[in-house]
Amino acid sequence: MNNVNNVTKRFSCALLLCIGLTGIVCAQPKAPKPFGPIPNENQMRWQEMEYYAFIHYSTNTYTDQEWGYGDDDPKIFNPDKLDCRQWARVCKEAGMKGIILTAKHHSGFCLWPSKYTEYSVKNSPWKNGKGDIVRDLANACKEYGLKLGIYLSPWDRNYAGYGRPEYITYFRNQLRELLTNYGDIFEIWFDGANGGSGYYGGARETRKIDRTTYYDWKNTYQLIRQLQPKIVIWNDGGERGDLRWVGTEQGYVGETNWSLLNATGDVPEDMLRHGLENGDSWVPGEVNTSIRPGWFYHTYEDSRVKTLPQLLTIYYSSFGRNGTMLLNFPIDQRGMIHENDAKASKELAKVVKEAFAVNLAEKKKATASNVRAGAKDFSADKALDGNKNTYWATDDAVKTASLTIDFGKPTTFNRFLAQEYIRLGQRVKAFTVEALVNGAWKELARQTTIGYKRILILPTVTATQLRFTITDTKSSPIIANLGVYNAPQILIAPTITRNKAGDVMIKASDKESVIYYTLDGSTPTKASQSYNAPIPAAGKVTIQAIAYDPVSGKSSPVTTEKFDIAHKNWKIVGTTDEKADNLIDGNPGSAWYQPQREKMPVDVVIDLGQEENLAGFKYLPDQARINGVITTYEFSVSPDNQQWKLVSEGEFSNIKNNPLWQIKTFNPVKARYVRLRATHNTQNNDAAGYAELDVLTN
Ligand code: FUL
């Protein structure tokens, strides 16, 4: 019936057009009008890039830090194999479209020989001070057909005048250098970390600024747009840019994701995550995350590179949810992207290519409950023609509509992709996906927004038809593209934990696979020991495990966990709260908070039960909540819980945005008691919380 309607409409349109040509008055082509805010050309070009790289590289790479203080000698910046062409090659092979480089991170060290400071590559031994990494990368990007973006930290912990008006002149001079000397820049990135302790030309003090006013962003933006009219501005600071942060560095944006915000006013975390349905401006989300736990390179993270399933999850949770994916590579001390990172990103590209190789819906028979009347063809098959500039549109008054794809034969699939024609606004508020299985409709998904691109992971089904129904929309829906795919199954690496008693538990994420493990450092295979019950492992131990699917013969990536001494005889001193054991129970999912009456500084003391040869400690903040996250600390040890010796103090850099394991090492010392003193937290109040606290022994 729908088909008949479509044919009749198309026929009458053609007829009207013909009459029009012969001179009789006829209806003009009736294309839908834009609804609400729409992207500008720069935002559109950026959105279509979908996937691009971040590169973090600075003096931090040579000091094992996440945030340089601004006082490190430029001489430590001495790579022996720095190769921007290798960076570009890896990014190209990963399927990325551009690279954003930390030209200057918070330490103030510049990767280009800025005229305005001595704190740059020009005073490093690399190329005898004659090098320019921004230049080398701009050239490499050109060679590999990639776009170049720049991260210029507004916070500068080296510059003597930071916090005073003179710094704004300095900052703009640097912007001018970067935006005039290196060709087209597609994106400029202004991080939100602003003001705090630093070297500041030797003053070594804490400088506070008001990030909404200090940088006079309005005039800075004007300068940027004048120098680079095609740029998009990312700003997590005081002034709304063209793009927004999604409120987390863990690699996801909300399932409901509007590309809208209001031009002014506060943006709480929840709004960063989901956008604002009725916002007055187009401010789409960019999902930034690192391929490793940290943004900068640390050798101890060589085994912590995100696994394929983790990267795939990020893929589906970023541009599968109307965002773009900005994946970071930390450059290692040689000046290269580490081979583990290159391998992981290449694997992701391969799997994504396989998953989306065949669109099972392309050019299949499509029927719609409503097709817009007009001279142009807005019929259902425009959503299946593989052309993102044509679309299925309905009459203006339509609030619900469905499009049915007839595969012509039973077809197996597990992915659904939809794209709105966002040049005319983001409209769809809710939709469902159903499959016709053995003659009955079965609901596979009930979801909210679509936007530029939405991809759903569905349970695998075999069906003859798929029905996509828009159940609610701000204005009549306009769908540019639909896709249906059958992605190969990917086995997820198991998780390994050890409880307080010293028993190791290994868990697969599915029920079908078998777990194999090793304790001797060798790579597990299906010939290794199979896991059936907790493994007693009280001392230092390295466990590696895989999940193996006997049906396909496929294995998951390997999970490696290194455990130090067991916590069996450990006790939290000075509290009767049983929950305090949560911080030494080996379960990152449980946490303990100091009682409310405690004021900073707040101590936690552990009795290790016997003297140990200590060489470091590890702190993991609560993974479920954002309060009680310690930022500065003092760590002391004692033989008797009386005489204390301070062995490490400092900051847990970037812990607010990236609340991961914080690892600190110190010169080996023998002791039975350890004390972590929290001196500040991310919220500047007295809360101190811990998911885990652990020690490293020599
Ligand atoms: C954060 C910074 O403080 C980190 O060091 C990193 O550059 C990340 C991309 O943004 O907020």
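Since this is a predicted model, take the numbers as computed values, not measurements. First listed ligand is number 1; within each ligand, the first listed atom is number 1.
His106 pairs with exactly one of Tyr199, Phe190, Trp67, Tyr69 by the ring pair (Phe, Tyr, Trp, His ring centres under 6.0 Å) rule, that one being Trp67. Each of Leu178, Ile185, Leu223 was scored for a side chain to side chain contact (heavy atoms under 4.5 Å, CB included) with Gln228, with one residue passing: Ile185.
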Pairs under 3.5 Å, nitrogen or oxygen of ligand 1 with protein nitrogen or oxygen:
residue  : atom   : partner : partner atom : Å
ligand 1 : 3 (O)  : Trp67   : NE1          : 3.0
ligand 1 : 3 (O)  : His106  : NE2          : 2.9
ligand 1 : 3 (O)  : Asp191  : OD2          : 3.4
ligand 1 : 5 (O)  : Trp67   : NE1          : 3.2
ligand 1 : 5 (O)  : His105  : NE2          : 2.9
ligand 1 : 7 (O)  : His56   : NE2          : 2.7
ligand 1 : 7 (O)  : His105  : NE2          : 2.9
ligand 1 : 7 (O)  : Tyr151  : OH           : 2.8
ligand 1 : 10 (O) : Asp191  : OD1          : 2.9
ligand 1 : 10 (O) : Glu249  : OE2          : 3.4
ligand 1 : 11 (O) : Asp191  : OD1          : 2.8
ligand 1 : 11 (O) : Asp191  : OD2          : 3.3
ligand 1 : 11 (O) : Glu249  : OE2          : 3.2
ligand 1 : 11 (O) : Asn657  : ND2          : 2.9

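With 3.5 Å as the limit, one finds a donor-acceptor pair spanning the side chains of Asn235 and Tyr221. No side-chain donor from either of Trp282 and Gln426 sits under 3.5 Å from a side-chain acceptor of the other. For the residue pair Thr631 / Glu651, no side-chain donor-acceptor distance below 3.5 Å is found, with atom types taken as modelled.
Taking the six-membered ring where tryptophan is involved, the planes of His105 and His56 are perpendicular, since the angle between them exceeds 60° and thus also 30°.
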